[in-house]
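Comments concern the structure below.
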Amino acid sequence: MTGDGDESSGSVRSYHVAWFITDEVRRDVTVTLGEGRTPDIVPGRTRDAVELGSVALVEGLVNAHTHLEFSRLTEPFPATGRFTDWIRRVVQYRRENPGPTGDAIRAGIAESMKSGTTLLGEIATIGWSPEDYSESGFGGVIYQELLGLTPERLIQQAELARSHLAGIDTAPNRGLAPHAPYSTHPELVQAAVDAARRFGRPIAMHIAETRSELELLAQGTGEFRELLTEFGLWNDELFRVPRRPMDFLKVLAEAPCVSIVHGNYLEEDELRFIAERPHMTLVYCPRTHAAFGHAPHPWRRLMDMGGCVAIGTDSRASNPDLSVFAELQFLASRHPEISHLELLHVGSGCGRIALGITETDNCNLTLIRLADPSSPDIEKTLFGPLNKVFGTMTGKRGSPLSMTP
Ligand SMILES: [Zn+2]
């Protein structure tokens, strides 16, 4: 249990809310949450119900992609210059902060819960311990980041991948995250996929984030070549053969559950490749995408093809906060033609698919305070700019939920 509010131990609680939105949409109901995943819902307000007022109780929000190690940053690094300059800032920050990352991870988890996020897809690098997550009420997947281009590094990182997944009994759900095509040797990506298959765990990888990444893969030129040369990592052999994101998608598709992170510059056939595979999800990070001034994101095209799109915040190195709710408000304001219920599905159910958490043994709900409860059109108002997250309700099936705050 978390928070300082209603930690009702053992008792079943009923709440009267203006809206209840999961697979179904109900208005003016009392929700009894004692039975975990399948709450009882009755019309109107029952006598014993706690009045929550103008609140929508919705499927729990999911942040399918973040890096909590940067959660101590008070503002993102500048994203207006070259992408590799932003990467240099990230590398510099890590060098200047070499110690344990536990404080940042705990701060990031607390911030996420406060903003209504119930599950996270967290990319963990170095300096973390399982307790940073287990003692903070973390729900979601810890993806061990893997990166390296040299033969020595490849062997060491492949071993890290296996040992991370073998530690599955001592920590929450684990996965693997080969970093990106410009930083991760294709053989290491293959080793990660092999380990993910062996342990039945999810995998996530940044793919097609920038045009310069595509240039490096296709021609072995551009700002990434400069960066790798500067870091003493340039490998002529490796980038001599022309490649494209599809080459990575085909390898990743062998894993049981796959998040393709960003995908800002995926081509039509690559989007179709993802859309045709229910175990692959595109994770779109809306405000990070906007901060870097990328070309319009293809998330709608993938959805039109029947594919699954989830939402990530990425980290505080590229985003002002870790709120998925704010990401959905951002999308709602820029795409008034999209139903807010569809946005909710993207920000919750699709996120669970991305993380491979589809079993129903946990109940996760987010409470949203509605600025205009009289509006009958929740499809256009759920992520209105004046609405605020009010708390979360989480718990295991069959036991009472705890409510935060
Ligand atoms: Zn990322």
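Being a predicted model, the structure only gives us computed values, none of them experimental. Order of appearance sets the numbers: ligands from 1, and atoms from 1 within every ligand.
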Using residues 95-102 as the side-chain source, report each donor-acceptor pair under 3.5 Å to any protein atom, sequence neighbours left out, with the distance given to one decimal.
from: Glu96; atom 1: OE2; to: Gln92; atom 2: NE2; distance (Å): 2.9
from: Asn97; atom 1: ND2; to: Tyr93; atom 2: O; distance (Å): 2.8
from: Thr101; atom 1: OG1; to: Gly127; atom 2: O; distance (Å): 3.2

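For an aromatic pair to be called close, the ring centres must be under 6.0 Å apart, and His289 with Trp299 fails this.
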Residue pair Arg244, Asp247: steps toward the salt bridge (charged side-chain N to carboxylate O under 4.0 Å, His left out) verdict: CA-CA 6 Å; Arg244 56 185 297 241; Asp247 298 313; over 6 Å; no
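Across His185, His206, His262, a single residue satisfies ring pair (Phe, Tyr, Trp, His ring centres under 6.0 Å) together with His179, and that is His206.
Shown here are the protein N/O/S atoms lying under 2.8 Å from the Zn ion (ligand 1), water excluded: His65 NE2, His67 NE2, His206 NE2, Asp314 OD1.
A donor atom on one side chain and an acceptor atom on the other are not found under 3.5 Å apart for Ser318 and Arg287.
A donor-acceptor pair is defined here as one N or O able to donate and one able to accept, closer than 3.5 Å; such a pair exists between the side chain of Thr210 and the backbone of Glu213.
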